[in-house]
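The structure under discussion appears below in the form of structure tokens.
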Amino acid sequence: MTENTNTVPEINKTAFSCPHCNAFTTQHWSHLYSNSYPNDSRTPNIPNPSLKEKFHSDPEINQKVKEELIEWIDKMSLGKPFTEIEQNSCYSRRRLMNLNISECYNCKEISIWVHDQLIWPSSKIEVKPNQDLPSHIKRLFDEAREIVLSSPKGAAALLRLSIQHLCKELGESGKNIDDDIASLVAKGLNPLVQKALDIVRVIGNEAVHPGEINLDDDSDTALQLFGLINLIADQMITQPKQVEALYKKLPEKKLNGIEQRNKKALENS
């Protein structure tokens, strides 16, 4: 079934599912500033793990300062972004544009955004493929989940390709979605699925072929496509499969009676 995409991390939200702890909670946004490194230390300072022992055993370092230094080394060693207040910061700062961080209210972890794309941590959105989809379509779906936050256009292209393959699974050519819809309608397509496919056709831009990049695609388009694929799969694969499984559980005598009734109806038609 389709899962809720309102919790997906996006640059214009103040609450979403944290990419670190998965809690749906408030996110606090911050912009960043750039301070140049001084001439006596012109490259980033990445502490060597042995420095921790050096600080720990140095009797001349104040105990409080020592604890702060060791805590800083431990945080740096994790390799994860964190914030720190500079005690002696200068006033001539340059603000970094198109670079922002969001901090989770629940776990306090930081996520990094360039423009409107989440670049840290890498994350899949919490929209999982319908488990009755064929494996090759699920693979495309999962690949789209992996890149949708960093490349919504690429994800949308993969999802259109998924829909092309899904139409083939439903007995159509998969070459032209409009022709596939018409053929499926003639076969008695569920009106709900017809509408879902027409939505895919319209928001997917009819001039764009499956698997091609559409420059007009954004994250909203990609998220709609995730939901529509699952809806189509549920209506055309999962529900018939469930009905068939229940039907087969009927007593053999009842099944034979239904078969005879249907046979008689065909003869009289």
Side-chain angles (χ1 to χ4, degrees), residues 4-128 142-152 154-155 219 222:
N4 184 10
T5 58
N6 293 328
T7 62
V8 173
E10 290 186 278
I11 196 75
N12 59 355
K13 294 179 180 178
T14 55
F16 48 72
S17 290
C18 173
H20 294 279
C21 69
N22 290 322
F24 178 73
T25 187
T26 302
Q27 298 288 328
H28 299 287
W29 289 94
S30 299
H31 50 238
L32 304 174
Y33 289 91
S34 167
N35 284 340
S36 298
Y37 284 105
N39 289 332
D40 59 349
S41 179
R42 296 168 60 189
T43 59
N45 184 9
I46 306 297
N48 189 301
S50 62
L51 193 60
K52 180 177 177 178
E53 181 56 35
K54 182 179 178 181
F55 287 148
H56 187 74
S57 58
D58 192 332
E60 295 185 7
I61 302 178
N62 175 277
Q63 183 61 31
K64 186 175 184 303
V65 173
K66 184 182 294 187
E67 290 173 359
E68 290 174 351
L69 288 169
I70 291 172
E71 182 183 4
W72 175 77
I73 292 173
D74 286 340
K75 286 182 178 180
M76 290 291 289
S77 298
L78 292 174
K80 298 193 295 185
F82 63 95
T83 56
E84 183 178 73
I85 299 173
E86 291 188 352
Q87 300 298 328
N88 300 310
S89 61
C90 60
Y91 290 101
S92 57
R93 299 181 299 174
R94 294 175 297 168
R95 180 173 170 183
L96 295 175
M97 306 304 293
N98 261 340
L99 182 62
N100 296 280
I101 61 172
S102 56
E103 182 177 353
C104 175
Y105 175 81
N106 182 58
C107 69
K108 310 303 179 189
E109 291 284 0
I110 286 172
S111 299
I112 300 176
W113 300 72
V114 174
H115 193 52
D116 60 350
Q117 305 301 315
L118 175 67
I119 63 168
W120 169 268
S122 58
S123 176
K124 291 182 180 180
I125 64 167
E126 291 300 309
V127 181
K128 296 176 183 177
D142 278 330
E143 188 176 345
R145 288 175 63 211
E146 290 176 357
I147 68 169
V148 66
L149 298 177
S150 59
S151 178
S219 57

Using atom types as modelled, flag every donor-acceptor pair under 3.5 Å from a side chain in residues 107-115 to any protein atom, sequence neighbours excluded.
unit_1, atom_1, unit_2, atom_2, d
K108, NZ, Y105, O, 3.0
E109, OE2, K80, NZ, 2.7
W113, NE1, S102, OG, 3.0
H115, ND1, N98, OD1, 3.0

Please round to the nearest 0.5 Å and tell me the distance separating atom [atom1] of [X] and atom [atom2] of [Y].
X	Y	atom1	atom2	answer
S219	L118	OG	CG	11.5 Å
L69	K54	CG	NZ	11.5 Å
I101	H31	CD1	NE2	10.0 Å
L51	I46	CG	CD1	12.0 Å

Next item on the list: Using modelled atom types only, decide if a donor and an acceptor are shared between the side chain of S151 and the backbone of I147 within a distance under 3.5 Å.
Entry: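 Flag not set: sc S151 to bb I147 has no pair under 3.5 Å.
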Margin query: I'd like to know if the side chain of R145 and the backbone of V127 have a donor-acceptor N/O pair within less than 3.5 Å.
Written below: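 Yes: the side chain of R145 pairs with the backbone of V127.
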Atom of [X], atom of [Y] and distance for their closest heavy-atom approach:
X	Y	value
I61	F55	CD1-CD2, 3.6 Å
P44	Y37	CA-OH, 3.4 Å
W120	P81	NE1-CD, 3.1 Å

Less than 4.5 Å apart, any side-chain heavy atom of [X] and any of [Y]?
X	Y	result
E67	E71	no
Q27	T14	no
D74	K52	yes
E103	S30	no
N106	C18	no
L32	N100	no
P152	Q117	yes

Margin query: Taking atom NE2 as the centre, does H56 end up with more than 12 heavy-atom neighbours from other residues, nucleotides or ligands that are less than 6.0 angstrom away?
Written below: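 Counting other residues, nucleotides and ligands, NE2 of H56 stays at 12 neighbours or fewer.
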Note to self: Is it true that, when you exclude N39 itself, more than 12 heavy atoms of the residues, nucleotides or ligands shown sit nearer than 6.0 Å to its CG?
What the structure shows: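 Counting neighbours around CG of N39, 12 or fewer heavy atoms of other residues, nucleotides or ligands fall under 6.0 Å, so no.
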Item checked: Note: K66-D58 ion pair, threshold 4.0 Å (strictly below) ->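 Salt bridge flag = no for D58 with K66.
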Notebook entry, point to check: Is it true that K13 and E10 have a side-chain N and a carboxylate O under 4.0 angstrom from each other?
Noted result: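 Salt bridge between K13 and E10, a charged N being under 4.0 Å from a carboxylate O: yes.
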